[in-house]
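Since the structure comes first, as C-alpha cells, the remarks are kept for the end.
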Amino acid sequence: MKNTLSILIGFITVFCMLVSCKGEPKNSKNVSIVTDSVPNGENEKLYRPNFHFTPKKGWMNDPNGMFYYNGYYHLYYQHYPDGTTWGPMHWGHAISKDLISWVEKPIALYPDDKGYIFSGSAVVDVDNTSGFSEKSKTPVVAMFTYHDMKKEKADKIDVETQAIAYSLDEGLTYEKYEGNPVVKNPDIRDFRDPKVNWDEERKQWTMVLAAGQEIMFYASQDLKEWELISTFGEGIGNHGGVWECPDFFQLPVKDSEETKWVLLVSINPGGPNGGSATQYFVGDFDGKVFTIDQNFKEQQADDHTFWVDHGRDNYAGVTWSNVTTANGGKLFIGWMSNWLYANNVPTDNWRSAMTIARELSLIKSNGTYRLISNPVNELKGYRGKKVADKNIAIEGETILVTSKTVNLTKTEINFEIPDLADGTYTFVLSNDKGDELSFGYEATENSFFVDRNKTGENGFSEKFSDRISKAVRTANSDTLTGKIILDKTSIEIFFDEGETVMTEIFFPKVPFQTLSTWSDIKNFTLDKLEIHEFNFN
Ligand code: FRU
C-alpha cells in the first residue's frame, strides 16, 4: 500500500515538475534570457526590493546551506543563473555581517553529471570529524541532494541521492567529495533536502531528510557514513502535498527551564491559503526518535496544523547552523514566493526574494507550545526617520501616514489595538492608480486577513489573487499588537508579538502612497503607533 502511495506521489511530482510546478513554463513569454549587467529599467525600479535579498540576475528558490562563521552569515540558494524560471539548479551564494545587507559571491556549487544540485544544508566541522581539514583549516561541509535528470527522464524512481562537498576557504569555494553519493536512494522518488545539525548531547551529527510524505532521521559521526535511525510523519500533521526542506533544532521555552525540539516541514501543495507553506512540530528527541508533544498530537488530531507563516509567500525556510541568538533563538529565512505562481511573477531580469531574516523562539501558552517569529534585531539598526503617536482615536477612515512623510517601500510599522471589540479592523495601503492592499483582524471570525486582490499587476497567474488569505488568531489577549515590514513588493505581518505571521508579495503599478485604517465598529483606539523609514539606498 505504502509503495503504491509513494509511486503515485512520485508520478504526481514528476507530472507537476514537467507540466507547471518547476519545469520550463509552457508560456514562452515567461522564458526570458537574463543579461549580465544589472539593468536599471522601470521594472527594476518598481519591483526590485529595497532590502530583501534577491539575486542580481536569474532565478532563485529555496535558501540553502546557511551557516555562521568568523563574523559572516552565509546564505546559499537554489539558483538558475541563465534564466528567470526554474532550471538546472546551482547553489548561489551571498554573505552578510548582519543578516540584512547581503553581498552576492560567485556561485558555490554547479550541477554536474550526477545531477542538479538541489536543496541542502552546511555545517562548520570545528572538530574536523570529516577529516577534510588541511593545513589546520576548519572545513565547512555542505550536504545536498543530487537530482539526476537523466533518471527522471527515464522515469526511474531512484532519481535523488545525498552528497557532500567541503570548503576550506570558509564557504567561498567547494570541492565535491569523491565518495558521493553518501546516502543512496532506497527506492523513494522524493528523497531530498538534507538538513544537518550537531546534537551536542549525543555528540553526533543528525540529519533530517524529506522522503515522500515522511521525514527520515539519520545520524553520523563523520558526515560521510549515515545511519537511518527513525522515521516520522505517518498519520501526523498536514499531508496535502509532498514534504520538503525539513529542519530540526532545539529551542528553550520562554520563561521556563524547559527545552524542546522543533521540526519544520515544508509542504507543497497543502498550505493554509493554497500552495506552498511550512508546518512545524514540537516534541522531544532521545537521540533516535522524535516524539511530538501530547497536546500537539491532540490538536493535530482535530485537524489543526501549526504553520510557521500563514501567508502565501514563505516557503522552504530553514535556520542558520553554528549560531544561536542571545536568547537561545534560531535564525531563519524563507523563500518569499509560492510554487503556484513563482515562475510567472512580473519581474524582468531576476525572480524571487527571500523573507526578512527572523528569530525563532518558543512559548508555551495554555498548555500548547507555539513557535514565535520576529524580524532579527539587526533590522532596528536601519531605522531612520520616525513618526510616532499614542492613543489615536480612530473615527471613520483615518489616514495614518502618506509617502510625503515616510517612504512606504522601506518601512516598519508597529501598533497596538487595546480593548478589542467584535468588529473588523482594517488597514489599507493604497496609491493614486487605484491599487490597494488591505489587511487586519476580523474579531467575529477570530481571524487575521490579507487581501492583495487589487494590488496592481495580478494577471500573470489566476492563483495569485483568487482568495483573501486568512489565519486564525491563537493569542487571547484583548490587546492586539502588530509589526509590519514593508518593501516594494512584500508585506510581512507579525501579529501578537510574532505568534501569527503572514507574508505576502504584490506588484503595484506605482508604489503605495497612503496607509489608512478604519473599523466597522466606528470608533476605536490605536495605541503606540510607531512608523520607521529604513535607511536603505
Ligand atoms: C522546494 C524544492 C526542494 C528541492 C528544490 C529544487 O522548493 O522543491 O524540495 O530540493 O526545491 O529546486
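We use all heavy atoms of the structure for the numbers below, so side chains are in, but hydrogens, waters and symmetry mates are not. Every number for a ligand or one of its atoms is a count from 1 in the order of the listing.
For ligand 1, the atoms closer than 4.0 angstrom to any heavy atom of Phe118 are 4 (C), 6 (C), 10 (O). Annotation for ligand 1: atoms under 4.0 Å from non-hydrogen atoms of Gln78 are 5 (C), 6 (C), 12 (O). Ligand 1 places these atoms under 4.0 Å from at least one heavy atom of Tyr315: 1 (C), 7 (O). Atoms of ligand 1 found under 4.0 Å from any heavy atom of Ser119, numbered from 1 in the order shown, are 5 (C), 10 (O). Set against the non-hydrogen atoms of Met89, the atoms of ligand 1 under 4.0 Å away are 12 (O).
Outside the 6.0 Å centre-distance limit, the rings of Phe506 and Phe464 are not counted as a close aromatic pair.
Checked against Glu504 for a salt bridge (charged side-chain N to carboxylate O under 4.0 Å, His left out), the options Arg312, Arg467, Lys470 give a single hit: Arg312.
Heavy-atom distances between Trp339 and ligand 1 reach below 4.0 Å in at least one pair. Heavy-atom distances between Asp193 and ligand 1 reach below 4.0 Å in at least one pair. At least one heavy atom of Trp86 lies less than 4.0 angstrom from ligand 1.
Judged purely by distance below 3.5 Å, without hydrogens or angles, the side chains of Thr145 and Glu160 never pair a donor atom with an acceptor atom.
Using a 30° and 60° split on the angle between ring planes, Phe536 and Phe51 fall in the parallel class, below 30°.
Not counting sequence neighbours, Gln300 has no partner by the side chain to side chain donor-acceptor pair (under 3.5 Å) test. Remark: Tyr116 engages no residue in a ring pair (Phe, Tyr, Trp, His ring centres under 6.0 Å) (not counting sequence neighbours).
Of the candidates Asn61, Thr145, Asp62, Asp62 brings a heavy atom nearest to atom 1 (C) of ligand 1.
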Practice problem: Would you please test Asp222 and Ser220 for side chain to side chain donor-acceptor pair (under 3.5 Å) and show each step? | Solution: CA-CA 6 Å; Asp222 63 1; Ser220 173; 3.3 Å; yes
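Ligand 1 has a nitrogen or oxygen under 3.5 angstrom from a nitrogen or oxygen of Glu244.
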